[in-house]
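Side chains are part of it too, since the values below use all heavy atoms of this structure and drop only hydrogens, waters and symmetry mates. The structure presented is a predicted model; accordingly, all values stated were derived computationally and were not measured.
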Amino acid sequence: MPMTPQENDRLTRVENGAPMGQMLRQWHWLPAVPSLSLDAGGAPIRVRLLGENYVVFRSGDGRVACFDEQCPHRKASLAVARNEDNALTCLFHGWKFSVAGEMIEAPNHTGDQVSFCQKVKFNSYKIREAGGIIWVWLGEGETPPAFPELPFTSLPEDQRAVACQEIPTNWVQGVEASMDTSHVGVLHSSSTELTSGKSQRMHMTRVRAPRLEFEEMTYGFRYAALRPLGEDEQYVRVNNFVMPWYGIICPPEEGGPGTVFFSVPVDDTHHRAWFVHFNTSRPLGVTPFTIGSDLMDFPPLPPGDETNNWGQDRGVMARGHFSGFPQHFGTEDFAIFLGQGPIVDRTTEQLCSADGAVLRVRNLLLRAAEDHQSGKPAFSAEELKYADIRSVGGIIPEEQDWRVLVDSE
């Protein structure tokens, strides 16, 4: 049954006290910027999350902090502040805020400086640096939620690569795509052929209607996409959805790199798409993600807009490329999101058997927003069991249960 307009709003909206935004703010750590984008003593980076603006910076001694973007004095942007003495100094009047989150100077104020600085309301947010990402908790109180110990967060730097791109569409469109296994064999068919060679992922382009089986997990769910290959064999991909937006996708072959996709809401009509390529057993080597020059502007956006079909290249399509967006598989997804509109209208969808994971994502998010609004506490780290996450693929006998792949890891 299609969603009602009210359900669609509840699912997608994060600004101005929306229940979904309140839940995400309180219950989850939010990825802010790639670690490598911050230089010690360098320029602060302006970050927009859940419809509000912040700055993130690395002080001269290597520590990281996140503040509200606007100085509490006269609302000048701290994105242009001086980063020195392990603090940000506002250019307007010299008010100074230490990396530890304390206001330490107000040079234009007469009287007791220490007492005045202590009285100024100034927001500094809890930070965690892990997995090549600076994470921030924007919730209220002193106790942050459980940190998402995902498969890449404790890996050495040479075993993971991080990139992200801002897309002018709602975040849920990106989250849904990460759990939509059947689109890979269609939209990304050329990308799969170019990047996978003879890997098992090629089976996705040959069998485009997988049968889906699900298992609920405390962190979200895992599901198997089963594709019959003939001769009593099946290709199985077991992927995981980890609340509230992580799609953990299995490697194309044993021992190969996996990927985590996540789409974090900038505001109601923009999101930042994150890509983490990782290998738990060995260094990544050279990949498109390890050689990218701008970690906050990769993969590339489509090269056009709606007036020219987002820059789709019909010439390369005539020469055999399926989508006409040869830049990157991420660019293919971005073009679809843009064509859906800033916030997709789910009230007139006509879904099919391949959409079971998408429906589960929606239901989990809506239930979490309702639980938070009703006062239910977030899951603890012990309850979430992130260590149980296994995303794997393989070819097994048709009669064999897919869980044998997970249990053998």
Side-chain angles (χ1 to χ4, degrees), residues 30-40 42-58 64 66 69 77-80 83 129 131-136 152 157-158 160-171 173-175 177-178 187-188 191 194-195 245-247 249 257 259-278 284 286-306 308-313 323-340 342:
L30 280 65
V33 297
S35 292
L36 292 177
S37 65
L38 291 178
D39 295 324
I45 293 181
R46 185 175 184 269
V47 176
R48 186 167 169 83
L49 291 166
L50 303 177
E52 297 186 10
N53 298 326
Y54 307 91
V55 290
V56 180
F57 72 102
R58 190 184 298 278
V64 178
C66 176
E69 181 191 354
S77 173
L78 294 178
V80 297
N83 181 1
E129 186 167 8
I133 296 173
I134 305 298
W135 311 73
V136 59
F152 69 89
E157 186 174 342
D158 65 354
R160 43 124 176 107
V162 177
C164 58
Q165 178 65 268
E166 184 171 317
I167 321 299
T169 69
N170 184 260
W171 65 290
Q173 284 150 248
V175 179
S178 71
L187 176 64
H188 301 315
S191 297
L194 287 170
T195 60
W245 41 53
Y246 303 100
I249 309 303
T259 308
V260 182
F261 302 108
F262 36 114
S263 299
V264 180
V266 171
D267 51 34
D268 285 348
T269 56
H270 297 76
H271 76 272
R272 183 161 291 279
W274 290 80
F275 299 76
V276 179
H277 208 44
F278 70 99
L284 279 177
V286 176
T287 78
F289 291 104
T290 59
I291 63 176
S293 60
D294 189 343
L295 302 181
M296 295 192 70
D297 190 26
F298 187 82
L301 288 169
D305 57 29
E306 65 275 8
N308 64 355
N309 290 335
W310 297 279
Q312 184 184 44
D313 189 337
S323 72
F325 295 97
Q327 297 85 353
H328 191 273
F329 71 83
T331 311
E332 295 175 318
D333 283 317
F334 302 160
I336 297 300
F337 303 159
L338 292 167
Q340 291 175 310

Straight-line distance of Glu69 CD to Glu52 CD, nearest 0.5 Å
11.5 Å

I need the minimum non-hydrogen distance between Gly311 and Pro303, along with the two atoms involved.
O-CG, 3.7 Å

For the CG atom of Asp313 and the CG atom of Asn308, what is their distance to the nearest 0.5 Å?
11.0 Å

Could you walk me through whether Val56 and Val136 satisfy the side chain to side chain contact (heavy atoms under 4.5 Å, CB included) test, starting with their C-alpha distance in whole Å, then the side-chain angles of each, then the deciding distance to 0.1 Å, before giving a yes or no?
CA-CA 9 Å; Val56 180; Val136 59; over 6 Å; no

Rounded at 0.5 Å granularity, tell me how far OG1 in Thr331 sits from CZ in Phe298.
7.5 Å

Residues passing the side-chain contact (heavy atoms from CB on, under 4.5 Å) test with Leu301, sequence neighbours excluded, are Gln165, Ile167, Phe334

Worked check of side chain to side chain contact (heavy atoms under 4.5 Å, CB included) between Leu78 and Phe57:
CA-CA 10 Å; Leu78 294 178; Phe57 72 102; over 6 Å; no

Measure across Val55 and Pro44 and return the closest heavy-atom pair with its distance rounded to 0.1 Å.
CB-CB, 4.3 Å

Donor-acceptor contact present, side-chain Asn170 to main-chain Asp268, <3.5 Å:
yes

Quick check: does any side chain N or O of Thr269 sit under 3.5 Å from a backbone N or O of Thr169, one acting as donor and the other as acceptor?
no

Just so I know, are the side chains of Ser263 and Ser178 near enough to count as touching, which here means a heavy-atom distance under 4.5 Å?
no

Which heavy atom of Trp135 sits nearest a heavy atom of Pro31, and at what distance?
CZ3-CG, 3.6 Å

Inter-residue atom distance Asp333.CG - Gln173.CD, 0.5 Å rounding:
11.5 Å

Side chain to side chain contact (heavy atoms under 4.5 Å, CB included) evaluation trace for Tyr246 with Val276:
CA-CA 10 Å; Tyr246 303 100; Val276 179; over 6 Å; no

Quick one: does any side-chain atom of Arg272 pair with a main-chain N or O of Met296 as donor and acceptor, under 3.5 Å?
yes

Ignoring hydrogens and geometry, is there a side-chain-to-backbone donor-acceptor pair from Gln312 to Ser323 under 3.5 Å?
yes

Aromatic plane relationship, Phe275 with Phe261 - under 30° parallel, 30 to 60° tilted, over 60° perpendicular:
perpendicular

What distance do Phe325 atom CZ and Ile336 atom CD1 have between them, rounded to the nearest 0.5 Å?
7.5 Å

Tell me if a side-chain donor or acceptor on Thr259 pairs with a main-chain N or O of Ile249 at a distance below 3.5 Å.
no

Considering non-hydrogen atoms only, spot the tightest contact between Phe337 and His271 and give its length.
CD1-CE1, 4.0 Å

4.5 Å side-chain heavy-atom contact, Val47 and Cys66
no

Using side-chain hydrogen bond (donor to acceptor under 3.5 Å, both in side chains) as the criterion, point out the one residue from Arg58, Glu157, Glu129 that pairs with Ser35.
Glu129

Please determine which of Tyr54, Phe262, Trp245 meets the side chain to side chain contact (heavy atoms under 4.5 Å, CB included) test together with Leu30.
Trp245

Looking only at non-hydrogen atoms, find the nearest pair between Pro257 and Leu284 and report the distance.
CB-CD2, 3.8 Å

Using only heavy-atom distances, determine whether the side chains of Glu332 and His188 contain a donor-acceptor pair under 3.5 Å.
yes

Arg46 side chain to Ala79 main-chain N or O, any donor-acceptor pair under 3.5 Å?
no

